[in-house]
Amino acid sequence: MKPRHAALAVLVAVLWGLNFIAIELGLRDIPPLAFVALRFALVAFPAVFFVKKPDLPWRVIVGVGVFMSAGQFGLVYLAMHLGMPAGLAPLVLQSQMLFTILLAAAVLRERPTAAQLAGVGAGVVGLGLVAAGRGAVAPLGPMLLVVLAGLSWGIGNTISRAAKGTSGLGLVVWSALVVPVPMLALSALVDGPAALLGALGHLTLPVWLSTLFTVVLASLVGYSAWNTLLGTYSAAAVVPYTLLVPPVGMVGAWLAFGEVPEPLELVGGAVLLAGVATAVLRRRTTGPSGGRLPDAAPSGAPEATVRS
């Protein structure tokens, strides 16, 4: 991966780690599914009137909206509302890395290299160590919801791979159109129409600030860059960078909410970083003849760009 693209992937990881702190603050004043609807309504509008629709089939746009946005965040917000700690949620969500690489191998026939597999293995060990340090404070139900969110994200990642060379921002904005109406309907069903209307009619300052962060930085910037990277490199090259999200989330939760990491969590975070380094640094791609070729974008794919 080119250095500027690697730096972009690291920036996305930092934004997504801090995103869980913003979500936790906003969830104190609004039902979770209504919060998801508000977030993606503002991602889509008014940007949809100014950002060109990506040159993709509607099934791809809808698939990304359903799995990468509605499915992932509907489950994550609900899990955090039910007690999933803000510092642990990004850790468990990294199950998406395993789901993505497995799905890309099965559906797209993308073969991860030995180094990437070793890095993923180290990442899994690190995730297990951090989970062992925090598992006692995480109810089983919310944790399972976040694992399902990881599966939904992995499916969305695989669908997004069809968007080679497409504007990441355009895909984020247009796929967001899929989210608000189903999330509002589910919120009305789960929370009741009165609670939903009451929350939307009295939005507090923390909700607006949290929404601003999640809309502008986590969604418009973060997912635009993420979708662009997935359209330029293989899933196995991009996905390991998300292993940086849990340490950022844990440090943020420590500073914001006093969630002090245990020694085992710190060891796990170090192993996570080692896994990222193994998977993504000095990567090479094997050519058809078995020779080693420099890492590059897929054949025919233009250099990635992110419009802001």
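Position 1 is the first residue of the sequence, and the numbers go up from there.
Pairing each heavy atom of Leu145 with each of Ala79, the nearest pair is CB-CB, 3.9 Å. Residues Met68 and Asn157 share a closest heavy-atom pair of CE-OD1, 3.2 Å. The nearest pair of heavy atoms linking Val173 to Val43 is CG2-O, 4.0 Å. Residues Gly17 and Val248 come closest through the heavy atom pair CA-CG1, 3.8 Å. Heavy-atom minimum distance, Ile159 versus Val60: CG2-O, 3.7 Å. Closest of all the heavy-atom pairs between Ser175 and Val179 is O-CG2, 4.2 Å.
Under the 4.5 Å side-chain heavy-atom criterion for Ile, Leu, Val, Met, Phe, Trp and Tyr, Val190 and Leu184 are members of the same hydrophobic cluster. Linking Ile, Leu, Val, Met, Phe, Trp and Tyr whenever their side-chain heavy atoms come within less than 4.5 Å leaves Leu25 and Leu255 in two separate clusters. Under the 4.5 Å side-chain heavy-atom criterion for ILVMFWY residues, no single connected hydrophobic cluster contains both Val251 and Val10. Residues Leu205 and Leu42 do not share a hydrophobic cluster, clusters being chains of Ile/Leu/Val/Met/Phe/Trp/Tyr side chains in contact below 4.5 Å. Linking ILVMFWY side-chain heavy atoms closer than 4.5 Å, directly or via other members, places Val66 and Val181 in two distinct hydrophobic clusters.
The closest donor-acceptor contact from the side chain of Ser210 to the backbone of Pro206 lies at 3.5 Å or more, if one exists at all. A side-chain donor-acceptor contact under 3.5 Å links Thr228 to the backbone of Ser224. At distances below 3.5 Å, not a single donor-acceptor pair connects side-chain atoms of Ser69 with backbone N or O atoms of Ala176. With hydrogens and angles ignored, the 3.5 Å screen pairs a side-chain donor or acceptor of Thr158 with a backbone N or O of Gly154. The backbone N or O of Tyr77 sits nowhere less than 3.5 Å from a side-chain atom of His81 that would complete a donor-acceptor pair.
Put simply, CG on Leu212 and CZ on Arg39 are 12.0 Å apart, with the number rounded to the nearest 0.5 Å. A distance of 4.0 Å separates CD of Gln96 from CH2 of Trp153, quoted to the nearest 0.5 Å. Distance check, rounded to the nearest 0.5 Å: CE of Met250 to CD1 of Ile21 gives 11.0 Å. Rounded to the nearest 0.5 angstrom, Tyr241 OH and Trp16 CH2 are separated by 13.5 Å. If you take CD1 on Ile23 and CZ on Phe35, they are separated by 7.0 Å, rounding to the nearest 0.5 Å. The distance from atom CG of Leu189 to atom CG of Leu196, rounded to the nearest 0.5 Å, is 11.0 Å.
By the side chain to side chain donor-acceptor pair (under 3.5 Å) test, Ser187 pairs with Asp191, sequence neighbours left out. When the side-chain contact (heavy atoms from CB on, under 4.5 Å) test is applied to Leu186, the partners found at least two apart in sequence or on another chain are Leu33, Met183. For Ala199, the side-chain contact (heavy atoms from CB on, under 4.5 Å) partners two or more places apart in sequence, or in a different chain, are Ile30, Pro31.
At least one side-chain heavy atom of Ile61 sits under 4.5 Å from a side-chain heavy atom of Lys53. Contact check for Trp226 versus Val238: side-chain heavy atoms found under the 4.5 Å cut-off.
Geometrically, Lys52 does not engage Trp174 in a cation-pi contact, judged by NZ or CZ lying under 6.0 Å from the ring centre and within 45° of the ring axis.
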Notebook entry, point to check: Can you list the steps and then say if Leu203 with Leu38 is a side-chain contact (heavy atoms from CB on, under 4.5 Å)?
Noted result: CA-CA 10 Å; Leu203 295 175; Leu38 176 64; 4.1 Å; yes
Note to self: Could you walk me through whether Phe257 and Glu24 satisfy the side-chain contact (heavy atoms from CB on, under 4.5 Å) test, starting with their C-alpha distance in whole Å, then the side-chain angles of each, then the deciding distance to 0.1 Å, before giving a yes or no?
What the structure shows: CA-CA 10 Å; Phe257 309 124; Glu24 175 68 24; 3.5 Å; yes
Margin query: I'd like to know whether Leu93 forms a side-chain contact (heavy atoms from CB on, under 4.5 Å) with Phe20, so could you lay out the CA-CA distance, the side-chain angles of the two residues, the decisive distance to 0.1 Å, and finally the verdict.
Written below: CA-CA 11 Å; Leu93 191 58; Phe20 289 88; 3.7 Å; yes
Next item on the list: Please step through side-chain contact (heavy atoms from CB on, under 4.5 Å) for the pair Val271 and Leu129, ending with a clear verdict.
Entry: CA-CA 9 Å; Val271 176; Leu129 291 173; 4.1 Å; yes
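Using cut-offs of 30° and 60° for the angle between ring planes, the Tyr233 and His5 rings count as perpendicular. Using bins of under 30°, 30° to 60° and over 60° for the plane-to-plane angle, the ring pair Phe49/Phe45 lands in the tilted bin.
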